[in-house]
K.L.:
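Please read through the structure below; I'll follow up with questions.
Values in this document were obtained by computation on a predicted structure and should not be read as measured data. To find a chain, count down the sequence lines: A is the first, B the second, and so on, and within it residues start at 1.
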2 protein chains.
Amino acid sequence: METVGRLAGVSQVTVSRALNNPKKVSPQTLKRIQDAIAVTGYVPNLVAGALASRRSHLVAALVPSITNIVYSGLMKHFIDVIRASGYHVLMSETGFSQEEEQAIVAALLSRRPDGLLLTGIHHSAGTRRMLLSAGIPVVEIWDITDTPVDICIGFSHIKAGHDVADFARMRGYHRAAAVAANDERALRRKDAFCARFSELTKTDVPEICLDSAASISRGREALARLVAQGFDKGVIFCSSDLLAHGIIIEAQSRHLNVPQDIAVIGFGDQDFSAHTLPPITTVHVDREILGARAADALLSRMNGNDANIRCIDVGFEIIARDSA
Amino acid sequence: METVGRLAGVSQVTVSRALNNPKKVSPQTLKRIQDAIAVTGYVPNLVAGALASRRSHLVAALVPSITNIVYSGLMKHFIDVIRASGYHVLMSETGFSQEEEQAIVAALLSRRPDGLLLTGIHHSAGTRRMLLSAGIPVVEIWDITDTPVDICIGFSHIKAGHDVADFARMRGYHRAAAVAANDERALRRKDAFCARFSELTKTDVPEICLDSAASISRGREALARLVAQGFDKGVIFCSSDLLAHGIIIEAQSRHLNVPQDIAVIGFGDQDFSAHTLPPITTVHVDREILGARAADALLSRMNGNDANIRCIDVGFEIIARDSA
DNA sequence: TTGTAAGCGTTATCAC
DNA sequence: GTGATAACGCTTACAA
């Protein structure tokens with residue numbers, strides 16, 4: 001800045017102003033400064049700026065998995081909105097572990113982010129303590145609670161599982177099974193589904209809990225296991241459309257008809273779900289809105305609006321297609 | 001640090017040492033300092049540290065799309081290795097656009113990253129200029145060239161397309177078509193495939209270039225278009241396993257047999273590719289090795305090893321399954 | 001509209 | 001082994 005200023009015949013501060021508050025500088029000097037910047041190829045140093053202003057213009061975001069489209073798709077929209085306001089996003093993967101989450105929060109807080117995005121509402125005591133004493137806006141997504149750290153945006157997984165069970169009964173199914181990946185929210189949906197379906201039909205609902213992430217191959221294995229257990233007629237609620245897709249493929253390879261023999265309900269409404277054979281009946285959550293709302297809430301808080309936003313329920317929608 | 005030092009009965013500098021170079025501090029004072037840190041809940045400020053030491057411990061990474069598993073999967077491995085060395089990764093999405101890439105590079109350089117990862121080897125002149133004058137290690141992935149900005153790690157897309165054509169001929173196919181998403185590297189693979197297959201068979205190879213990212217639904221549409229053009233017998237080379245999967249589904253819905261009528265070769269060897277009906281013949285690239293090598297190369301350069309690494313060819317492998 | 005001075009919270013370089 | 005002192009490259013009063 002010193003150099004640029006000398007070249008433009010002004011002091012270093014004026015260069016700073018030209019960059020952050022162009023209106024506060026006369027048009028002529030602004031022009032000279034911009035020329036000087038072009039000539040020197042000056043690149044501002046945001047770390048010095050962050051230190052001086054105590055604003056890093058950095059937002060930290062923690063997701064369970066960056067390769068899972070459900071999370072990466074959401075993050076894409078979140079980042080797009082956040083970036084448009086001049087912030088950068090430091091994204092990290094927690095791998096569904098609270099200890100890992102705590103370690104990452106500690107590391108990220110050293111970067112003095114202006115805001116933080118967390119996935120889910122269950123965090124370790126240590127994490128909550130750090131978050132509170134950091135004194136920055138925090139938004140928790142994908143789930144809702146009455147006691148968020150700061151703001152939460154999501155929907156009720158229990159209601160989702162419950163409603164899917166009602167839907168399945170409405171479609172006339174008398175027997176059901178459930179398959180869930182090793183995701184705490186998926187398990188809550190599954191539990192709510194099983195409880196409600198049992199309640200409605202007085203039947204037992206077999207469950208399969210995976211110890212891994214959802215995938216087509218896990219879906220195939222799950223159906224194989226269910227069939228081996230004698231389940232070859234009824235509806236299966238999956239925690240992910242990937243599992244549902246796998247079940248459809250496995251059913252096909254076993255010459256079981258979907259949905260006549262095995263019906264399938266997925267979760268997530270992924271981009272392929274309307275294009276499989278048959279198309280997948282699923283639960284749709286608007287990830288674009290969820291990501292954008294999270295960004296908006298964070299931006300609003302970071303700009304000092306201590307508005308009374310606490311909890312936003314974005315809801316969900318059951319999309320009836322041909323698989324169930 | 002001042003506060004922590006007072007509590008431990010030492011100066012601020014000693015606290016800094018205890019954190020960065022514990023061996024240079026006597027065991028007793030180290031203990032006192034650690035206790036003081038625990039008591040105060042002190043969180044180091046890395047932005048001040050970065051300013052003073054001129055090392056941000058930050059690595060910037062630019063990928064075309066964060067929702068595409070091909071890129072996010074690679075980044076996962078890259079990030080895992082980089083993080084283990086105490087660096088954080090600032091990941092951004094370029095959307096396959098060079099202008100966007102340049103804008104993002106400019107923005108990220110303000111954060112003074114210690115290293116940079118770029119996807120592909122084609123960048124705007126402005127980007128190259130900024131990169132050069134930034135004077136930091138740069139690694140370009142997914143492709144190889146004799147003239148990298150600094151280091152490149154990948155494989156030859158032309159050779160991949162060429163080899164797939166040879167493979168297809170070897171499997172006995174006399175007619176071929178190609179489908180590619182709007183990714184510059186995908187187009188080069190497609191061109192090489194078409195050229196080689198034409199050369200071998202003296203036949204025309206119809207092509208479909210999408211103006212969007214690969215997906216199952218795009219694959220279905222592509223087969224529909226090819227069939228409409230009269231292509232209902234032969235092998236189709238796709239730029240992604242997602243497209244290949246879509247083609248399999250569309251073939252099934254049209255009662256075309258795979259591979260007897262329509263054979264399909266994908267690209268990427270995604271985790272579902274071995275589990276479709278039939279399993280997808282594809283091109284495998286080891287994303288874990290690619291990501292880890294990129295991280296290693298960057299770390300080594302950032303640690304001052306001006307080793308003579310310039311270009312690493314990680315190769316690829318054609319995985320023969322049942323779809324072709 | 002522009003400039004001066006005092007930080008921001010660390011690390012680097014010395015000296016002790 | 002420890003401490004004083006000077007940066008690091010900006011922003012924020014405040015003054016002119």
Side-chain angles (χ1 to χ4, degrees), chain A residues 1-34 36-37 40-58 86 88 107-114 133-136 302 304, chain B residues 1-34 36-37 40-58 86 88 107 109-114 133-136 304:
Chain A
M1 277 190 169
E2 197 69 55
T3 316
V4 170
R6 248 195 312 271
L7 227 147
V10 293
S11 78
Q12 172 264 124
V13 229
T14 309
V15 178
S16 172
R17 271 200 206 92
L19 256 24
N20 301 313
N21 241 322
K23 295 158 216 152
K24 298 222 152 202
V25 172
S26 82
Q28 307 97 300
T29 52
L30 183 58
K31 176 82 177 69
R32 288 207 315 276
I33 291 172
Q34 286 168 339
I37 287 175
T40 54
Y42 166 76
V43 179
N45 186 325
L46 246 53
V47 359
L51 180 60
S53 67
R54 296 133 156 282
R55 305 201 86 208
S56 62
H57 288 275
L58 212 55
H88 286 158
L108 290 179
L109 252 23
S110 303
R111 302 252 174 220
R112 295 294 186 272
D114 294 336
S133 61
I136 56 173
M302 293 189 299
Chain B
M1 276 188 171
E2 197 69 54
T3 315
V4 171
R6 249 196 311 272
L7 225 146
V10 294
S11 79
Q12 171 263 124
V13 227
T14 308
V15 179
S16 173
R17 270 201 206 89
L19 256 24
N20 300 313
N21 242 322
K23 294 158 215 150
K24 298 224 152 200
V25 173
S26 84
Q28 308 96 299
T29 50
L30 184 59
K31 175 83 175 71
R32 288 208 313 279
I33 289 171
Q34 287 167 338
I37 287 176
T40 54
Y42 165 76
V43 179
N45 185 325
L46 247 52
V47 0
L51 180 61
S53 67
R54 294 135 157 279
R55 306 201 86 210
S56 61
H57 288 276
L58 211 56
H88 285 158
L109 251 23
S110 303
R111 301 252 174 219
R112 295 293 186 271
D114 293 336
S133 60
I136 56 174

K.L.:
Can you tell me the distance, in whole Å, between the NZ atom of A:Lys24 and the P atom of C:dG3?
P.N.:
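The distance from NZ of A:Lys24 to P of C:dG3 comes to 15 Å, rounded to the nearest Å.
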K.L.:
If each of B:Val25 and B:Ala48 is mapped to the nucleotide of DNA chain D with the nearest heavy atom, which maps nearer the 5' terminus, i.e. the 5' end?
P.N.:
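With B:Val25 and B:Ala48 compared, the 5'-side residue is B:Val25.
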K.L.:
Once hydrogens and angles are ignored, does a donor-acceptor distance under 3.5 Å link the base of C:dG3 to the side chain of A:Arg17?
P.N.:
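Per atom types, the contact qualifies.
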K.L.:
Under 4.0 Å: is that the gap between some side-chain N or O of A:Asn20 and OP1 or OP2 of D:dT11?
P.N.:
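Yes.
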K.L.:
Whole Å only: how far is the CG atom of B:Leu51 from the C1' atom of D:dC8?
P.N.:
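Between C1' of D:dC8 and CG of B:Leu51: 4 Å.
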K.L.:
Does OP1 or OP2 of C:dT2 have a side-chain N or O of A:Thr29 closer than 4.0 Å?
P.N.:
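So the side-chain polar atoms of A:Thr29 do come within 4.0 Å of the phosphate oxygens OP1 or OP2 of C:dT2, strictly under.
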K.L.:
For the atom pair CD1 (B:Ile136) and CG (B:Leu109), what is the distance rounded to the nearest 0.5 Å?
P.N.:
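Going from the CD1 atom of B:Ile136 to the CG atom of B:Leu109 covers 5.5 Å.
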K.L.:
Map A:Met1 and B:Gln12 onto DNA chain D by nearest heavy atom, then report which one ends up closer to the 5' terminus.
P.N.:
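Looking at the nearest nucleotide for each, B:Gln12 comes out on the 5' side.
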K.L.:
Within the pair B:Ser53 and C:dT11, is there a side-chain N or O less than 4.0 Å away from OP1 or OP2?
P.N.:
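Looking at the OP1 and OP2 atoms of C:dT11, neither is under 4.0 Å from any side-chain N or O of B:Ser53.
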K.L.:
Give me the atom names and distance for the closest heavy-atom approach of A:Ala48 to B:Leu51.
P.N.:
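Nearest pair, atom of A:Ala48 first, then B:Leu51: CB-CD1, 3.6 Å.
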K.L.:
Using a 4.0 Å heavy-atom cut-off, does A:Val10 contact any base of the nucleic acid, only the sugar-phosphate backbone, or nothing at all?
P.N.:
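If one applies the 4.0 Å heavy-atom cut-off, A:Val10 turns out to touch the sugar-phosphate alone, with no base involved.
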K.L.:
Using whole Å, what does the distance between atom C1' of nucleotide D:dT2 and atom NZ of B:Lys23 come to?
P.N.:
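Atom-to-atom, B:Lys23 to D:dT2, this comes out as 18 Å.
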K.L.:
Looking at B:Thr14, I'd like to know whether one of its side-chain N or O atoms comes within less than 4.0 Å of OP1 or OP2 on D:dG3.
P.N.:
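For B:Thr14, the contact criterion (side-chain N or O under 4.0 Å from OP1 or OP2 of D:dG3) is met.
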K.L.:
Measure CZ/B:Arg55 against P/C:dG9 and give the value in whole Å, please.
P.N.:
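Answer to the nearest Å: 23 Å.
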K.L.:
Assign B:Val13 to base, sugar-phosphate, or nothing according to its heavy-atom contacts below 4.0 angstrom with the strands shown.
P.N.:
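It contacts base atoms.
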K.L.:
To the nearest Å, give me how far apart CG (A:Leu19) and P (C:dT2) are.
P.N.:
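In whole Å, C:dT2 P lies 15 Å from A:Leu19 CG.
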K.L.:
Is a side-chain donor or acceptor of B:Asp114 paired with a backbone partner of B:Arg55 at a separation under 3.5 angstrom?
P.N.:
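No: the side chain of B:Asp114 does not pair with the backbone of B:Arg55.
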K.L.:
If you check the B:Ser11 side chain, which of D:dG3, C:dT1, D:dC10 turns out closest?
P.N.:
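Of D:dG3, C:dT1, D:dC10, D:dG3 is nearest to the side chain of B:Ser11.
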K.L.:
Using atom CZ of A:Arg6 as one end and atom P of D:dG9 as the other, report the distance to the nearest whole Å.
P.N.:
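Spelled out: CZ on A:Arg6 to P on D:dG9 is 13 Å.
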K.L.:
Taking only the side-chain heavy atoms of A:Arg54 (C-beta and beyond), determine which of C:dT4, C:dC8, D:dC10 contains the nearest atom.
P.N.:
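Of all the options, the side chain of A:Arg54 is nearest to C:dC8.
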K.L.:
For A:Ala18 versus A:Leu30, what's the shortest heavy-atom pair and its separation?
P.N.:
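Looking at all heavy atoms of both residues, the shortest contact is CB-CD1, 3.7 Å.
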K.L.:
Donor-acceptor check, side chain of A:Arg17 to backbone of A:Lys24, threshold 3.5 angstrom: yes or no?
P.N.:
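No; judged by distance alone, with no hydrogens or angles, the pair does not exist.
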K.L.:
Round to a whole Å and report the spacing from CG of A:Asn21 to P of C:dT2.
P.N.:
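Result: 13 Å.
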K.L.:
Kindly point out which of D:dC10, D:dT11, C:dT11 is positioned nearest to the side chain of A:Asn45?
P.N.:
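Looking only at heavy atoms from C-beta outward on A:Asn45, the closest nucleotide is D:dC10.
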K.L.:
Take atom CD1 of A:Ile33 and atom P of C:dT2, then tell me their distance rounded to the nearest Å.
P.N.:
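Atom CD1 in A:Ile33 sits about 7 Å away from atom P in C:dT2.
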